Protein chains: 2
Amino acid sequence: MKRVKKKIFHDYIAKQGLKSTRQRDIILEAFLSSDRHLSIEELYLKLRAKHPNIGYATVYRTLKLFAESGIAREMQFGDGQTRYEHVGEGEHHDHLVCTGCGAIIEFENETIETLQKEVAAAHGFLIQTHKLELYGLCARCRG
Amino acid sequence: MKRVKKKIFHDYIAKQGLKSTRQRDIILEAFLSSDRHLSIEELYLKLRAKHPNIGYATVYRTLKLFAESGIAREMQFGDGQTRYEHVGEGEHHDHLVCTGCGAIIEFENETIETLQKEVAAAHGFLIQTHKLELYGLCARCRG
DNA sequence: CGCATCATGAAAGTGATTTTCACTAACATA
DNA sequence: TATGTTAGTGAAAATCACTTTCATGATGCG
Ligand SMILES: [Mn+2]
Ligand SMILES: [Mn+2]
Ligand SMILES: [Zn+2]
Ligand SMILES: [Zn+2]
């Protein structure tokens with residue numbers, strides 16, 4: 001899993017004529033071994049413990065590269081911070097977001113996906129991406 | 001329609017012990033007679049023509065009040081600006097957003113809404129709100 | 001190695017939104 | 001109507017999450 005994503009990233013770097021650097025490898029390892037839906041600041045703080053010399057800007061730039069290479073997806077859950085999640089090959093899911101504790105649960109629903117395509121088609125739209133987020137209280141926060 | 005929303009807002013203002021002001025009424029009228037999905041800046045610029053003395057901060061504060069009172073909904077379509085749309089009593093819709101020209105099309109789909117509730121229930125979630133946005137190219141932009 | 005490029009980190013810049021603060025307007029009450 | 005209390009306003013400063021700049025450092029093909 002990690003190996004596969006590291007390879008995808010390194011291949012992307014090479015194909016784009018970019019360089020393989022110590023920082024990129026450190027950030028990649030930290031990202032791949034972290035929880036999903038990490039904000040840039042969370043990842044930066046986590047990194048800073050072992051690597052106090054890695055700059056904020058480098059983390060931003062590198063996460064963007066991850067997204068470009070296809071191993072990460074940029075997400076906005078309305079809390080003002082961009083979050084990045086891991087992306088598996090050909091995988092897709094949507095999210096339940098707890099407004100109480102911030103927990104993020106992933107789900108897949110083929111029927112909804114199909115209906116979305118139908119809606120788009122009915123309006124002559126060619127869908128590129130979509131965002132489906134259900135906000136509410138998770139089982140624990142409902143008390 | 002406008003009358004109803006104005007009443008809802010004035011009732012809300014009163015109930016909260018807030019004050020009815022000239023600026024709020026001006027902004028309310030401008031909002032209600034504007035296109036849907038207006039950004040704060042667009043509304044501010046529109047207002048400034050007739051009311052050059054109304055401050056930016058007041059427009060921000062007032063639009064938030066509209067959302068709190070239930071006559072408006074805050075939206076983020078990923079272009080970095082918050083937009084506000086009109087909300088009718090008990091009305092709900094989702095959006096198709098054209099990544100080419102920025103057009104926003106509204107749609108309703110009861111089946112999707114039902115499936116969302118099922119997904120939430122299956123995870124013990126109590127849904128408060130949700131966001132479903134389909135991004136792609138509109139019929140015109142597909143050329 | 002040599003060196004053209006790309007990458008990095010610190011700091012400055014951006015752009016949207018929020019806060020501050022001195023002043024003004026609402027409105028309940030006298 | 002005059003007054004007092006509280007909320008609202010506008011201009012400007014501050015914040016926040018990023019993005020860019022720029023001088024310096026690392027990478028990697030030949
Ligand atoms: Mn996810
Ligand atoms: Mn709408
Ligand atoms: Zn929760
Ligand atoms: Zn279009």
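Each chain gets a letter, A, B and so on, in the order its sequence line appears, and its residues count up from 1. Note that this is a predicted model, so its numbers are computed, not measured.
- Within a heavy-atom distance below 4.0 Å of DNA chain D, the residues of residues 59-69 of chain B found are R61(B).
- No close placement of the F31(A) and Y84(A) rings is indicated, their centers lying 6.0 Å or farther apart.
- Whole-Å rounding puts the R22(B) CZ to dC27(C) C1' distance at 18 Å.
- E41(A) comes within contact range of no nucleotide atom at all, as no heavy-atom separation falls under 4.0 Å.
- No donor-acceptor contact under 3.5 angstrom links the side chains of E108(A) and H93(A), judged on distance only.
- Residues K19(B) and Y56(B) both approach DNA chain D. Their nearest nucleotides, taken by heavy-atom distance, put K19(B) toward the 5′ side.
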Pairs of donor and acceptor atoms involving the side chains of residues 113-126 of chain A, under 3.5 Å and at least two apart or interchain, shall be tabulated with distances.
{"unit_1": "E113(A)", "atom_1": "OE2", "unit_2": "H92(A)", "atom_2": "NE2", "d": "3.1"}
{"unit_1": "E113(A)", "atom_1": "OE2", "unit_2": "H130(A)", "atom_2": "NE2", "d": "3.4"}
{"unit_1": "T114(A)", "atom_1": "OG1", "unit_2": "E110(A)", "atom_2": "O", "d": "3.0"}
{"unit_1": "Q116(A)", "atom_1": "OE1", "unit_2": "H130(A)", "atom_2": "ND1", "d": "3.2"}
{"unit_1": "Q116(A)", "atom_1": "OE1", "unit_2": "H130(A)", "atom_2": "NE2", "d": "3.4"}

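- Regarding contacts with the backbone of dT27(D), every side-chain N or O of T21(A) stays at 4.0 angstrom or more from both OP1 and OP2.
- For dC18(D), one of the phosphate oxygens OP1 or OP2 lies less than 4.0 angstrom from a side-chain nitrogen or oxygen of T82(A).
- Distances shorter than 4.0 Å separate some side-chain N or O of R24(A) from OP1 or OP2 on dT8(C).
- End-to-end axis angle of the helix from dC1(C)-dG30(D) to dA30(C)-dT1(D), using five pairs per end and rounding to 10°, comes to 20°.
- Each of Q76(B) and P52(A) lies near DNA chain C, and the nucleotide nearest P52(A) is the one positioned closer to the 5' end.
- By the 6.0 Å contact criterion, CD on E91(B) is enclosed, its count of non-hydrogen atoms from other residues, nucleotides or ligands being greater than 12.
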